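Treat the numbers as computed from the prediction; the structure is a model and nothing was measured. In listed order, ligands and their atoms are each counted from 1.
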Amino acid sequence: MRIVAYYIFLPNILKLIFKYKTMKNILIIGAGGQIGSELTRNLRDVYGDNHVVCSDLRPLKGQDYERGPIERIDSTQVMQIATAVKKYNIDTIYNLAAILSATAELNPMLGWNVGIGSLVNCLEVARLFNCAVFTPSSIGAFGPSTPHDNTPQDTIQRPNTIYGVTKVTGELLSDYYFTRFGVDTRSVRFPGLISHLTLPGGGTTDYAVEIYYAAVKGEKFVCPLKKGTFMDMMYMPDAQKAMIDIMEADPSKLVHRNSFNVTAMSFDPEIIYNAIKKHYPNFEMVYEPEPIKQAIADSWPNKMDDSCARNEWGWKPQYDLDRMTEDMILNLKKKLL
Ligand code: VAH
């Protein structure tokens, strides 16, 4: 009888008394992308390899994926998500499936179907199986009529890209599932994310990653955006911390949920080019603006106000442009040379 008590009752009593963090069981949808590849490793470091299931439509290869459970999931198929949630007793879903801004403009219905199809499926499964859901939004959720400088947390959102439309829809749906069904939905509006591990795929801010690759390879960089095109940016380690911290935040402190402005820096191509030139004095860049990317970038904020995230769950970035540049160059030298 004592054994039964120990294994069945004691953990529940401890949870009640100490409210200690029970280990989460997490499912990552879209783990193969720029964010998901690093999130898989970071979540496993925090919660344990077997507590984090990574999934994607494409095969997931490599140590970071293979050190724990992997599932092949087409997130536009709700039964595939539900099956994984039941199989692994999932209580938290990170839904990263999306087609990025510039690519989505070339195939708007694909952008909508992946972005919204995946989100609706995740929200419905979360409602039925009592899961929390994180879905990233983006500066892309703002449009030309949004104030571009110190963009407020609560302001007009009339994006003119399909990517932005999916992000605003996602924010509204996620808030609806919280208020209507009590689903614990949370989100951040990411700026351009810069990382050295996985190349971004088809975003308007991709230039801020590609410029480092050109510098380290000793190549001239052809910039697809005009001088003076300011956008919010963030180094991937800060983005990873934001995704973990917001899901660990005390819900009683959250005034907002979907979705928090978060940013770390704002620069235009000239500023990041000059930061890199401190390390590569002979590095060259020419401007050849790409119309689709330029139009998208012009519709987005120059700099967001992220005071709500700072006040409600302690958001505080650790990397500025110079520290990011040092770390990017250090790691790309190891990767490329
Ligand atoms: C894009 N990197 O450019 C993504 C991101 C804020 C930009 O959403 O589409």
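Side-chain contact of Glu219 with Tyr213: a donor-acceptor pair under 3.5 Å is absent, judged by distance alone. Defined by atom type and a distance below 3.5 Å, a donor-acceptor pair is missing between the side-chain atoms of Asn42 and Glu38. A donor-acceptor contact under 3.5 angstrom links the side chains of Asp327 and Tyr235, judged on distance only. With no hydrogens or angles considered, a side-chain donor-acceptor pair links His256 and Glu312 at under 3.5 Å. Between the side chains of Ser174 and Thr135, no donor-acceptor pair is found at a separation under 3.5 Å.
When each atom of ligand 1 is checked for a heavy atom of Ile139 under 4.0 Å away, the hits are 6 (C). In summary, the atoms of ligand 1 found under 4.0 Å from a heavy atom of Pro191, numbered by their order in the structure, are 6 (C). Within the listing of ligand 1, atoms 1 (C), 3 (O), 9 (O) sit less than 4.0 angstrom from a heavy atom of Thr204. Atoms of ligand 1 found under 4.0 Å from any heavy atom of Ser101, numbered from 1 in the order shown, are 1 (C), 3 (O), 9 (O). Near Gly192, meaning under 4.0 Å from one of its heavy atoms, ligand 1 places the atoms 6 (C). In the vicinity of Phe190, heavy-atom distances shorter than 4.0 Å reach the ligand 1 atoms 6 (C).
Looking only at heavy atoms of the protein, atom 2 (N) of ligand 1 is closest to Thr205 OG1, 3.0 Å. Of the protein's non-hydrogen atoms, the one nearest atom 5 (C) of ligand 1 is Tyr163 OH, 3.7 Å.
Taking the charged nitrogens against the carboxylate oxygens, Arg189 and Glu171 do have a contact shorter than 4.0 Å, which makes a salt bridge.
Not a single N or O atom of Trp300, backbone or side chain, sits closer than 3.5 Å to an N or O atom of ligand 1.
Taking the centre and axis of the six-membered ring of Phe134, the NZ or CZ atom of Arg186 falls outside the cone set by 45° and 6.0 Å.
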